[in-house]
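Written below as structure tokens is the structure these notes are about.
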Amino acid sequence: MSHTARYLVRFDDICPTMNWEVWGKVEQVLKVNHVKPILAVVPDNKDPKLTLDAPVSDFWERVRGWQAEGWTIALHGYQHIYRNHLSGLMKIANNSEFAGVPLSEQEDNLRKGVEIFRANGVTTNVWVAPSHSFDQNTVIALRNVGINIISDGLGILPHGSLESTYWIPQQMWGAFYERKSGVWTVCYHHNDWTEKDLKRFTQSIEAYKDRMISVDEVAKAYPPRGFSLIDAVHTQKILGRLHVLPRIKRIVRGKG
């Protein structure tokens, strides 16, 4: 693998009641350009905010089809219901389904989610936390239920080990940005997309498709390593941007 920057694309909030009209167009773009995304599937959605369409009866058949295409199906929480306002390890968002919840309860809910996947013929070893919020107990519980890849973190390159926990960073939201090196995951939420959003996404995929990579390819190409000083510096840089810029905007708008 060269030192050229590589990109992953991830779609969150995949569930039976999502925006299927938009998704049909997204799916076509991904297939035409041979992109193998991460699809973060909610096992047992109870979040009314994710109810955009009537539930499709063949949802799990569709998920199995995506997995057969080589797309990565990730466990996206359990029911997508926030329990508290903790930001957990990532310090990104102050809503959590898992952070602060006892280890035994976390493991029980994760196991239920994995069982729902398994009962529907879907396998996973990748975790995507709702709102990026989870804690060290979540990491332990994930290992206990057989999930050892976490799509999160703000470093430059994957780190950790597949024998314990392997972290594939997710550092971009809603848009690709040019980078010289590293592995960059772009996270999308398609439920409220307009035609303008879809056009922008299509243009980005067409521009970056030759540098796209799948989760399986990442795991093979980037060997186990520790979290480096460069990763730490980059993490603080992005966190600063995420937390400071909104405050500045509020002040400018007279709402601070």
Side-chain angles (χ1 to χ4, degrees), residues 1-12 26 29-40 69-74 87-93 125-129 131-132 134 139 142 147-190 197 200-246:
M1 183 65 64
S2 72
H3 292 294
T4 302
R6 300 289 172 175
Y7 296 86
L8 281 156
V9 62
R10 188 182 100 187
F11 278 88
D12 288 7
V26 169
V29 172
L30 295 169
K31 288 183 176 179
V32 166
N33 291 283
H34 307 289
V35 174
K36 297 180 179 180
I38 300 170
L39 301 185
E69 294 265 359
W71 298 9
T72 295
I73 307 301
S87 59
L89 292 173
M90 296 296 100
K91 308 300 181 188
I92 293 175
N125 66 339
V126 180
W127 162 256
V128 170
S131 290
H132 303 271
F134 58 103
V139 178
L142 286 167
I147 295 178
N148 57 358
I149 298 177
I150 293 176
S151 171
D152 221 323
L154 303 172
I156 300 290
L157 287 167
H159 63 278
S161 167
L162 288 171
E163 279 66 49
S164 54
T165 300
Y166 188 71
W167 298 71
I168 301 177
Q170 191 270 288
Q171 323 93 318
M172 297 179 181
W173 290 266
F176 282 75
Y177 295 97
E178 189 64 35
R179 295 290 185 263
K180 293 181 179 179
S181 62
V183 174
W184 306 88
T185 305
V186 188
C187 179
Y188 288 104
H189 298 79
H190 74 281
D197 295 317
R200 187 184 300 118
F201 170 72
T202 303
Q203 291 171 338
S204 295
I205 291 297
E206 290 173 347
Y208 284 87
K209 63 182 179 181
D210 292 337
R211 285 180 280 172
M212 299 296 292
I213 193 170
S214 69
V215 167
D216 288 344
E217 290 168 332
V218 168
K220 292 176 182 176
Y222 296 90
R225 70 177 190 96
F227 187 73
S228 71
L229 178 60
I230 294 176
D231 291 314
V233 170
H234 192 265
T235 295
Q236 291 306 311
K237 182 178 178 181
I238 294 183
L239 282 175
R241 225 168 32 229
L242 288 173
H243 294 303
V244 172
L245 283 180

Inter- and intrachain pairs under salt bridge (charged side-chain N to carboxylate O under 4.0 Å, His left out), touching residues 148-165, at least two apart: none
Step-by-step side-chain contact (heavy atoms from CB on, under 4.5 Å) determination, Asn33 to Glu206: CA-CA 7 Å; Asn33 291 283; Glu206 290 173 347; 3.9 Å; yes
Taken in chain and number order and not counting sequence neighbours, the residues that satisfy side-chain contact (heavy atoms from CB on, under 4.5 Å) with Leu157 are Val183, Tyr222, Arg225
Kindly write out the residues that satisfy side-chain hydrogen bond (donor to acceptor under 3.5 Å, both in side chains) with Thr165, not counting sequence neighbours, or none if the list is empty. Arg143
List the residues meeting side-chain hydrogen bond (donor to acceptor under 3.5 Å, both in side chains) with Ser131, not counting sequence neighbours, and say none if there are none. Tyr82
Can you name the side-chain contact (heavy atoms from CB on, under 4.5 Å) partners of Pro37, sequence neighbours left out? Val9, Leu30, Leu39, Trp71
side-chain contact (heavy atoms from CB on, under 4.5 Å), that's the test. Do Leu154 and Ile92 meet it? Break it down for me. CA-CA 10 Å; Leu154 303 172; Ile92 293 175; 4.3 Å; yes
Using the side-chain contact (heavy atoms from CB on, under 4.5 Å) criterion, which residues pair with Asp216? Sequence neighbours excluded. Ser214
Considering all heavy atoms of both residues, which atom of Ile156 and which atom of Asp231 are nearest to each other, and what is their separation? N-OD1, 2.8 Å
Name all residues meeting the salt bridge (Lys or Arg N to Asp or Glu O under 4.0 Å) criterion together with Glu178; count only those two or more places apart in sequence or in a different chain, and write none if there are none. Arg211
Identify the heavy atoms of Tyr166 and Pro158 that sit nearest to each other, and give their distance. OH-CB, 3.3 Å
Can you confirm whether Tyr188 sits close enough to Val26 that some side-chain heavy atom of one is under 4.5 Å from a side-chain heavy atom of the other? no
Residues at least two apart in sequence or cross-chain that pass side-chain hydrogen bond (donor to acceptor under 3.5 Å, both in side chains) with Ser151, listed by chain then number, are Arg10
Reference residue Thr72; test side chain to side chain contact (heavy atoms under 4.5 Å, CB included); the match among Val215, Ile168, Ile149: Val215
Approximate separation, where rounding is to 0.5 Å, of Glu217 CD and Leu8 CG: 9.0 Å
List for me each residue that meets ring-ring contact (aromatic ring centres under 6.0 Å, His included) alongside His189, sequence neighbours excluded, and say none if there are none. none
Looking at residues at least two apart in the chain, or sitting in another chain, which of them share a side-chain contact (heavy atoms from CB on, under 4.5 Å) with Tyr177? Met172, Ala175, Arg179
Test of understanding: with side-chain hydrogen bond (donor to acceptor under 3.5 Å, both in side chains), list the residues that count as partners of Lys31, not counting sequence neighbours. Glu27
Considering all heavy atoms of both residues, which atom of Thr235 and which atom of Gly155 are nearest to each other, and what is their separation? OG1-N, 3.8 Å
Taking ring-ring contact (aromatic ring centres under 6.0 Å, His included) as the test, write out the residues that go with Tyr208, two or more places apart. Tyr7, Phe176
Is there a side-chain contact (heavy atoms from CB on, under 4.5 Å) between His34 and Met212? Walk through the geometry before answering. CA-CA 9 Å; His34 307 289; Met212 299 296 292; over 6 Å; no
When you measure from the side chain of Gln171 to the backbone N and O of Thr185, does any donor-acceptor pair fall under 3.5 Å? yes
Can any side-chain N or O of Asn148 pair as donor or acceptor with the backbone N or O of Leu162 at less than 3.5 Å? yes
Measuring only between side-chain heavy atoms, which start at C-beta, is Trp167 closer than 4.5 Å to Val139? yes
